[in-house]
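A quick write-up on the structure given underneath.
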Amino acid sequence: MSPARVTPQRNPLRDERDKRLPRIAGPCGIVMFGVTGDLARRKLMPAIYDLANRGLLPPGFSLVGFARRDWATQDFGDIVHDAVKAGARTPFREEVWKSLAEGFRFVPGSFDDDAAFDELARVVKELDEHRGTGGNHAFYLSIPPGFFGLVCEQLQRSGLAGGPSDSWRRVIIEKPFGHDLASAQELNKIVEGVFPADSVFRIDHYLGKETVQNLLALRFANSMFEPVWNRNYIDHVQITMAEDIGIGGRAGYYDGIGAARDVIQNHLLQLLALTAMEEPVSFEAHHLRAEKEKVLSSVRLPKDLGSATARGQYAEGWQGAEQVVGYLQEEGVKAGSTTETYAAVRLDVANARWAGVPFYLRTGKRLGKRVTEIALVFKTAPHLPFNDTATEELGQNAIVIRVQPDEGVTLRFGAKVPGATMEVRDVTMDFGYGRAFTETSPEAYERLILDVLLGDPPLFPRHEEVELSWQILDPIEKHWAGMKGGLDQYPAGTWGPAEADKLMRRDGREWRFP
Amino acid sequence: MIVDLPDTTTTELSKRLVKIRSEVGAMALSRVLTLVVVVDDVEAEEAITIANEASRQHPCRIIVIVQGETRGRARLDGQIRVGGDAGASEVVVARLVGRVVAHADSIVTPLLLADSPIVVWWPRHAPKAPAKDPIGSMAQRRITDSVYLAKNPRTALRRLADAYAAGDTDLAWGRITRWRGLLAAALDQAPYESVESAVVVGAPDSPSADLLAAWLHARLKCPVRLRRSKESSGVIAVELTRASGVLELHRPVNGNAATLSTPGQPDRTIALAHRSDAECLAEELRRLDPDDVYQEALTVGLAGVGTARS
C-alpha cells in the first residue's frame, strides 16, 4: 500500500462528501485600520471572535490594529475585549479568547507617518516568523475612502502590499465606493493600482446575510417559484430598505451624500440584481458576476425622471415614544441642505423576463420601522368566478423576502373567510428563517471575513458592478441636483414624503406596508 | 408549560398537542424534523436537556421513549412540554411500562410530524443492529454513542461496523470533527508531501481516538498506530510523519487549547475545547443524508489501525 499523494489541488483528508469538515482558513492574519471606529468595534471585532469561537480561524491567527492612539498592545486587547463582550453572538470562552489575544498587536501612528508603516511591516514580518502567519495578510480599511489612496501608497512603499511568492495579500474596503461614476473609477484606480483586482474585496454586508443567499436557494433550488418569476405573473417588484434611526452623529459623512448614494447604489441595486438575474451557470464568482452584470446593464431609467423619482427629508416628529428633530436641525447639517434622507426610484429591466415589470426601490431614514424586504407583487387573477363583494378585501398575491429583521419568506394569497357566505380575504403563509433553522445564524460580517481569508469571492461585488450601479444612479443625481427649491419634508416616523406616494399612484399602484 | 397525561393513549396525546398548539400559538412553528430519543428512566432528564439544547439550532418535535419495567400491565404515561420548558421544540415524553415496551414503535408512529425526516438517538444503550430496530428502521438517521456501548471501544465500534447501514452515525465521530478540520487544514498548506505514517494518542476508553485513527488510515492510506494514553483522557495528539518531519497536533489532558507544530515553522496554538454532547447532537441534526466518510472510517479504516501500548 502506498501512501495517498498530497498535492496543492488534492488533499486526501478532504472529501466533498465530508460535509462536517469546517472551512478553516489557512495561516493568516488581519491588519485593521480604523480600529477606533464604530464599525470595527460593533461588528468586525465581535465577528472575528465569533469565527475563532466556531473554530474557523487558523492556528496562529493574528490581528494587528493600526490607529493614531497612544496605545500599547495591551490597551488594544482591552478595546477588543470590551467590543467582543458587548457584541459577540456566541458565548464568551476564556480559552478561545486567550489563544486569540496572543495574536494581537498594535501599531500606533497616522497614515502619513512613514516610520509607523515601517514598524507595521516589521510587526507583520515578526508575526510570520513567530506565529506562522505564513506571509498571508488581509488589510481591512475600515476608514473613510479619502484615506484609501494614502494607505495603499504606504502599504506599497513599506513593502506590505506584496509578500513572499506563495503567500497572499488582500485588501478589504467598505462602501461608499465613490460618490459617482468618475470618483468610483478614480478610487478603483488607486486601490487596484496597488492590489490586483482579485485581491480587492469590496464588502456589501447585505450580501453576507443568510436571507440574501437564501434568495438564490429559493429561486434556483425550487421548482415552484422560478416558473412564475417573470413578466407573465409578476406585476411589479418593490425593494425597500427602511431605517427608523436618523443620521445620528454622522452628519459629516451623510450630508452631501444622501440616501440614494448611501443605500440605493449598493445594497438595493445588489438586491435588484439578485432578484432579477437569470440562473447563473454555477455559483462560482465569475458566473454569478456575469449574471449580475448582465441584469445591471439592462436596467433602464424612465424618460421622465421627475415623475419616476421622489426624494425627501425627515422633519421633526414622533418616532415611537420619542420626539426627534428634523434632518435640517441635526447637528452638523448645513443650513438649507438639499441632501435627501428618503429616495424612491422606478427602474425598468429591459430584457425578455422583465419587460413591463417596474422595479420600485425606496430607502429612507426615520421611517415607520426598521425593515428590509423584497416584494414581488403578482398580477391579479385574470378571471375571478366570484362576485365583486366576495373579493372586495382580496389584494394582489405577493412573495415577500424579508431580509431583516425576522428573516424569512412570506407568501400572501387569498383564502375563504369561514362562514356561510363566500368571502375571500388576504392571508399570509410564513417561513421564518430563525424558526426553521439555527437560532444563531452567523452574522453577515463573519461570513464575509471568512470568505476573504479563504479567498472565496462570490459574495463580493467587483468594480464593474460598482460602476454599472453608478451609471444607473448618476443621471438621477444629476436630475436632482438641477432641481430648485427645498426638499419635500416628511414627519419622522412615517413612510416618507407624499411625492413618493404620488409616484406609485401615477402607475396605479401603492407602496406595500412592510 | 408542562402537561401531564397519566395512563393515556397516543390519540389523547396527539389531540392535546394540536390543542396546545392552537392555544399557545407561536410555538415551534416550523419544525424541520422529529427526533426520537430512546432512553431508560435514569438517563431520561439528562437526555431531554441535551436534546432541547440541540433543538435550539433545529426546531423539532422531540419524542422521548422512556423504557420502564417490561413486565406487568401495559401502560403509557404521557407528558407534553412546550414553551420555556422545551427549548425551541415541543417535547412529548412517553413513559412505557409492561408489554408495550417491546412495541414502542407503535407509540412513535402516530406522534411523528408529517412529511419530515425522523432521527433516532440512543443516548446510552443502542440495539445491536440500529437499522433493524423497529424504531431505527423508521428513521433516516440513527445516532448511537459508542462510548456507552461496550467497555472496550474497539468492541463497540466493530459491532457498529458489522451492523452498519446508510444513515448510521455515532456521537464519538462528531466529537473529533474539529480535530479532523484542523488536520485537513494543515495538509492544505505546503509542503505538499505524502504522509508516510501516523500516530494517534488517545485514551483506551475513547472510541473517538479509534475513529480518528481509522479515518486517517482510510484517507491517507498509510500505516496508522494508536498509542493509548491514560483512562478518560480523550484524544491527546496526532502525529503525521512526512519526508520533511513530523507534523503534530497536541492537546494536553484536560486542556482547552491545542498546539500545532510543523517542521521549520513556529508552533501555533488554537483553542480546541472538548465538545458538549449537545453540540455534537446539533451537528448530527444538521445533515440528514448518510455519512459516507464515517462509513469508510468505520468499515474500512478501522481494521487497518494497529495499536501499541505506551
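A, B, ... follow the sequence lines: proteins, then strands. Residue 1 opens every chain.
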CG/B:Leu183 to CZ/A:Arg14 distance, rounded to the nearest 0.5 angstrom?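 Taking CG in B:Leu183 and CZ in A:Arg14, the distance rounds to 10.5 Å.
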
Given that the side chain runs from C-beta out, which part of [X] has a heavy atom under 4.5 Å from chain A: side chain, backbone, both or neither?
{"X": "B:Arg180", "value": "both"}
{"X": "B:Gln295", "value": "neither"}
{"X": "B:Leu182", "value": "both"}
{"X": "B:Asp267", "value": "backbone"}
{"X": "B:Thr169", "value": "side chain"}
{"X": "B:Glu193", "value": "backbone"}

Any donor-acceptor pair under 3.5 Å linking the side chain of [X] with the backbone of [Y]?
{"X": "B:Asp291", "Y": "A:Asp18", "value": "no"}
{"X": "A:Arg17", "Y": "B:Asp292", "value": "no"}
{"X": "A:Arg20", "Y": "B:Thr177", "value": "no"}

Would you name the heavy atoms of B:Val195 and A:Val6 that are closest together and state the gap between them? N-CG2, 4.5 Å

Please report the shortest heavy-atom distance between B:Ile270 and A:Pro59, naming the atom on each side. CD1-N, 3.6 Å

Answer yes or no: is there a side-chain heavy-atom contact under 4.5 Å between B:Asp289 and A:Lys19? yes

State, yes or no, whether a side-chain contact exists between A:Pro27 and B:Gln189 at a heavy-atom distance under 4.5 Å. yes

Decide yes or no on side chain to side chain contact (heavy atoms under 4.5 Å, CB included) for B:Leu216 and A:Leu13, but give the supporting numbers first. CA-CA 7 Å; B:Leu216 289 172; A:Leu13 293 185; 3.9 Å; yes

Looking at A:Glu94, A:Arg131, A:Gln9, which has the largest count of heavy-atom pairs under 4.5 Å with chain B? A:Arg131

Does anything in residues 96-105 of chain A reach chain B? List residues with heavy atoms under 4.5 Å apart, or say none.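 Answer by number: A:Val96, A:Ser99, A:Glu102.
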
Interface residue of largest heavy-atom contact number with chain A, from B:Gly181, B:Ala271, B:Pro266, under 4.5 Å: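 Most heavy-atom pairs under 4.5 Å with chain A: B:Pro266.
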
Could you go through the side chain to side chain contact (heavy atoms under 4.5 Å, CB included) check for B:Arg268 and A:Thr133 one step at a time? CA-CA 9 Å; B:Arg268 289 176 277 213; A:Thr133 39; over 6 Å; no

Cut-off 4.5 Å, heavy atoms of chain B, and the answer for A:Arg23 is neither

Could you list which of residues 235-265 of chain B have a heavy atom closer than 4.5 Å to any heavy atom of chain A, in residue-number order?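 B:Asn256, B:Leu260, listed by number.
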
